[in-house]
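A quick write-up on the structure given underneath.
This chain uses plain numbering: 1 for the first residue, then up along the sequence.
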Amino acid sequence: GFRDGMEQLSSLDTVVIGVSPDSLSSHDKFKAKFNLNFNLIADTEKELCNLFEVIGEKSMYGKKYLGVIRSTFIIDDKGIVRYINRKVKAEGHAEEIIKELKNLRV
C-alpha cells in the first residue's frame, strides 16, 4: 500500500521508512520482490525496536514468543511523534495513514 501510495505520500511531504530486525540481504530481497520505492532499515541489534517499544509478546499456533509488533509512527519535521498505531493491519493501512497525514496538516 505504501509503495502504491508513494506519489500521494510525497505530495504530503512524507518520507516512508520501514524498519525491522531482519538482515540487509533479507531487506534487499524483500524490496526487490515487492518493488518497494522507499527505504528499509535493518535494525539487527533492535536498537530502534527497543527505542520505539515495538518488541512484545506475540502468539503463533498457541505458542507465545517475543517479536516485533507491527507499528506505524508519524514523526513531524521537528522530531515530535504525532501519531502511533500499534495494531497495524496491512490491508488499507497506507490509506489510513494518508488520511491521518491530511488531518494533521489542517
**Request:** Kindly give the cluster partners of Leu24, where membership spreads through any ILVMFWY side chain lying under 4.5 Å from a current member.
**Result:**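 Via sub-4.5 Å side-chain contacts, Leu24 links to none.
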**Request:** Any chance you could pull the hydrophobic cluster mates of Val88, using side-chain heavy atoms under 4.5 angstrom and chaining through other members?
**Result:**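 Answer for Val88: none, a lone residue.
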**Item:** Partners passing side-chain hydrogen bond (donor to acceptor under 3.5 Å, both in side chains) against Asp43 (at least two apart in sequence or in another chain)
**Value:**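 With sequence neighbours excluded, Asp43 shows a side-chain hydrogen bond (donor to acceptor under 3.5 Å, both in side chains) to no residue whatsoever.
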Test item: [X] and [Y] side chains (from C-beta on) under 4.5 Å apart, heavy atoms:
X     : Y     : answer
Asp22 : Phe30 : no
Glu45 : Pro21 : no
Leu40 : Val19 : no

Approximate separation, where rounding is to 0.5 Å, of [X] [atom1] and [Y] [atom2]:
X      : Y     : atom1 : atom2 : result
Lys29  : Ser23 : NZ    : OG    : 7.0 Å
Leu101 : Ile74 : CG    : CD1   : 4.0 Å
His27  : Thr44 : NE2   : OG1   : 8.5 Å
Ile17  : Ile75 : CD1   : CD1   : 8.0 Å

Name each donor-acceptor pair under 3.5 Å that joins a side chain in residues 1-16 to protein atoms two or more places apart or in another chain, with its distance.
from, atom 1, to, atom 2, distance (Å)
Arg3, NH1, Phe34, O, 2.7
Ser10, OG, Met6, O, 3.0
Ser11, OG, Gln8, O, 2.6
Thr14, OG1, Leu9, O, 3.3
Thr14, OG1, Leu12, O, 3.2

Acceptor/donor pairs from residues 51-70 side chains to any protein atom, 3.5 angstrom cut, sequence neighbours excluded:
from, atom 1, to, atom 2, distance (Å)
Lys58, NZ, Val68, O, 2.9

**Request:** Determine the minimum heavy-atom distance between His93 and Lys89, stating which atoms define it.
**Result:**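 That closest heavy-atom pairing would be CB-O, 3.2 Å.
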Expected list for residues 77-85: side-chain donor-acceptor pairs under 3.5 angstrom, two or more places apart:
from, atom 1, to, atom 2, distance (Å)
Arg82, NE, Asp76, OD2, 2.8
Arg82, NH2, Asp76, OD2, 2.9
Tyr83, OH, Glu96, OE2, 2.5
Asn85, OD1, Lys87, N, 2.7
Asn85, ND2, Glu96, OE2, 3.0

